[in-house]
Every structure is written in C-alpha cells, then in structure tokens.
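Predicted model, so just to flag it, every value in this text is computed and none were measured. The first residue in the sequence is number 1, and the count goes up from there.
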Amino acid sequence: MFDAPFDRVEASAPFADSDWFHACRQTQTPYVVIRHTEQRADVLWDFVTLPECCDAAIRAHFEALEQAARAIFLRYADAESHLRVKPTLIGFDRLPIEQAEAAADALYALVATYLPGARRATVTPPPTATAPLPTRSNPQAGQHARQASKSPHIVPDRESLSLHVVIPI
C-alpha cells in the first residue's frame, strides 16, 4: 500500500489525519511524515500511533533516543536546520529537501526499536540503504564531511524544552 515508512505532505497542506496516519495507528507503528516545500523539509515523528507500552520504554531510554536522533539529524542537517527532541515528538526542521527521505527512513528505524519485541538500538543507527541521490545543486548529498571549526553544536531551548543545532559558517 505504501512505498516507504513515511508520508510526504506539502508544507502548505493543512494538518489532517491522512491514510498513512490511520495505517500507522491501526498497525501501531511509528508515524513519520515529511512536510516539504520546494527547497526544505521537516521530518516529524509523533508518538500517537504507538501502543501505550512504548511510552514507558521511550521515557526510560529517553537519553539514548535523544542521542541517536541527534546523530541522525547531524548526518542530514545543514546550517538552516533545527532539531526538536521530546519523548512524544522528534522534529528535524528545515532539512535540505534532498536529505529528507533518508532522514525519515533512519528516524522510522530508530523509533521502531521501541516497539514491543524490537531490540533497542544501543549505538548510532547505521546509515540507511536508501541514501539520497546526488543532484546538480548538491553533488555530495548524504556525505556531510564538516571541518572541525564548523562543527554543529546543540543549544537547549528551555522555553519549548527542545534542542536546536547551531552550525557556525
């Protein structure tokens, strides 16, 4: 029925329960969606489709989830991107459009480790098999080699209880 473990929605579309949302709720699997414009995309995961037992597992292992989500984000982010991590939501905001699908695949795989019977990820998730294809505007898609002087750092946002990554340029 679906060709990927996430939905793609234009950013201008209203927030509504999609067929993908209902499929995730029925199967109790991670709800991951890409909301995109022509240049940028937000990759979002929301816990609402997971079984109740996952809530306790996510909260008990939140630090590991946060670290793994951060590692995925840093793999696909650039200077305009932002990270939000909460026990009930993970958001990779303003990713380059070319990176969104690979980030969504990796985020889905991470959250799926919290499903009943799944083995928990103890290290950074491996790169996904569906890495983005290079484009003319981004021939090095998926290869984020950064100089040490320009390495990203995490800044906590105490008001929204989320984290933002700042990448010096």
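- For the pair Arg35 (side chain) and Ala13 (backbone), a donor-acceptor distance under 3.5 Å is present.
- Atom NZ in Lys86 sits 10.5 Å away from atom CG in Asp46 (nearest 0.5 Å).
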Step-by-step side chain to side chain contact (heavy atoms under 4.5 Å, CB included) determination, Phe62 to Val85:
CA-CA 9 Å; Phe62 181 68; Val85 180; 3.8 Å; yes

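- Between Tyr114 and His61, the two ring planes are tilted [angle within 30° to 60°].
- What you find for Leu95 and Ala100 is that their closest heavy atoms are CD1-CA, 4.4 Å.
- In this structure, the side chain of Thr49 does not engage the main chain of Gln28 through any donor-acceptor pair within 3.5 Å.
- Taken from CZ in Phe73 to CD1 in Ile90, the straight-line distance is 12.0 Å, to the nearest 0.5 Å.
- Expressed to the nearest 0.5 Å, how far CG of Leu107 lies from CG of Leu44 amounts to 9.0 Å.
- At least one donor-acceptor pair closer than 3.5 Å links the side chain of Trp20 to the backbone N or O of Val32.
- How far CZ of Phe92 is from NE2 of His82: 14.0 Å, rounded to the nearest 0.5 Å.
- Between the CG atom in Leu89 and the CZ atom in Phe47 there is a gap of 9.5 Å [rounded to 0.5 Å].
- For the residue pair Arg75 and Ala106, the shortest heavy atom distance occurs at NH1-CB, 4.4 Å.
- The side chain to side chain contact (heavy atoms under 4.5 Å, CB included) test applied to Thr29 returns Cys24, Thr27, Tyr108, not counting sequence neighbours.
- A distance of 10.5 Å separates CZ in Arg25 from CG in Leu50, rounded to the nearest 0.5 Å.
- Panel note: side chain Asp42, backbone Arg94; a donor-acceptor pair is recorded below 3.5 Å.
- Scanning for side-chain hydrogen bond (donor to acceptor under 3.5 Å, both in side chains) contacts around Ser18 gives Asp7, with sequence neighbours left out.
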